[in-house]
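Note: hydrogens, waters and symmetry copies are ignored here, and every other heavy atom, side chains too, is used.
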Amino acid sequence: MAILTEHVVPTDHVHLTEQTKGTTMTNLMDKVLDRLVPRATAAADTSFYQNCDGCTYVEVYNAIGHWQKLCHVVGGRTSCGKCTYFRIGC
């Protein structure tokens, strides 16, 4: 005659096991994502205008102002175009 016993698993153990599975799966997904998509950086890209000279009179516009160039900051590097923009006012 066999005696049947009920096998009881503590709920703390079950919770810990499920949590460990979730953590393992999250780590695996993070590794896959790192390979597919580059991580975001804290630095933001931006653009700004920089004056090329002091106040200048431009006859074509019949105005006094500054020649300016458009500059961009991307990935910590700055580059600027030519002085092609005119801003009226000094």
Side-chain angles (χ1 to χ4, degrees):
M1 176 187 321
I3 300 174
L4 297 174
T5 59
E6 186 177 356
H7 181 65
V8 179
V9 177
T11 56
D12 290 345
H13 178 70
V14 172
H15 179 69
L16 182 62
T17 304
E18 291 300 319
Q19 186 179 13
T20 304
K21 285 181 186 176
T23 302
T24 303
M25 186 58 122
T26 302
N27 289 342
L28 176 63
M29 288 187 290
D30 284 344
K31 287 180 182 178
V32 170
L33 195 59
D34 282 344
R35 296 241 181 207
L36 298 176
V37 181
R39 288 198 181 259
T41 59
D45 297 342
T46 187
S47 298
F48 62 94
Y49 288 95
Q50 185 175 15
N51 290 340
C52 299
D53 58 4
C55 284
T56 306
Y57 174 75
V58 177
E59 189 174 344
V60 176
Y61 298 123
N62 191 25
I64 296 175
H66 292 282
W67 283 103
Q68 295 181 324
K69 57 186 172 184
L70 182 59
C71 299
H72 305 282
V73 179
V74 179
R77 293 183 172 224
T78 304
S79 63
C80 298
K82 296 180 180 179
C83 297
T84 56
Y85 302 95
F86 186 78
R87 180 175 161 253
I88 296 175
C90 290

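Residues Cys80 and Lys69 approach most closely at CB-CD, 3.9 Å, considering heavy atoms. A pairwise comparison of heavy atoms in His66 and Asp53 identifies ND1-O, 3.1 Å as the closest pair. Across every non-hydrogen atom of Thr78 and Val73, the tightest pair is OG1-CG2, 3.6 Å.
Judged as a side-chain contact (heavy atoms from CB on, under 4.5 Å), and not counting sequence neighbours, the contacts of Tyr49 are Gln68, Leu70, Tyr85. Applying the side-chain contact (heavy atoms from CB on, under 4.5 Å) criterion to Tyr57, with sequence neighbours excluded, gives Glu59, Asn62, Ile64. Partners of Ser47 by side chain to side chain donor-acceptor pair (under 3.5 Å), not counting sequence neighbours, listed by chain and number: His72.
A donor-acceptor pair is defined here as one N or O able to donate and one able to accept, closer than 3.5 Å; such a pair exists between the side chain of Thr56 and the backbone of Gly54.
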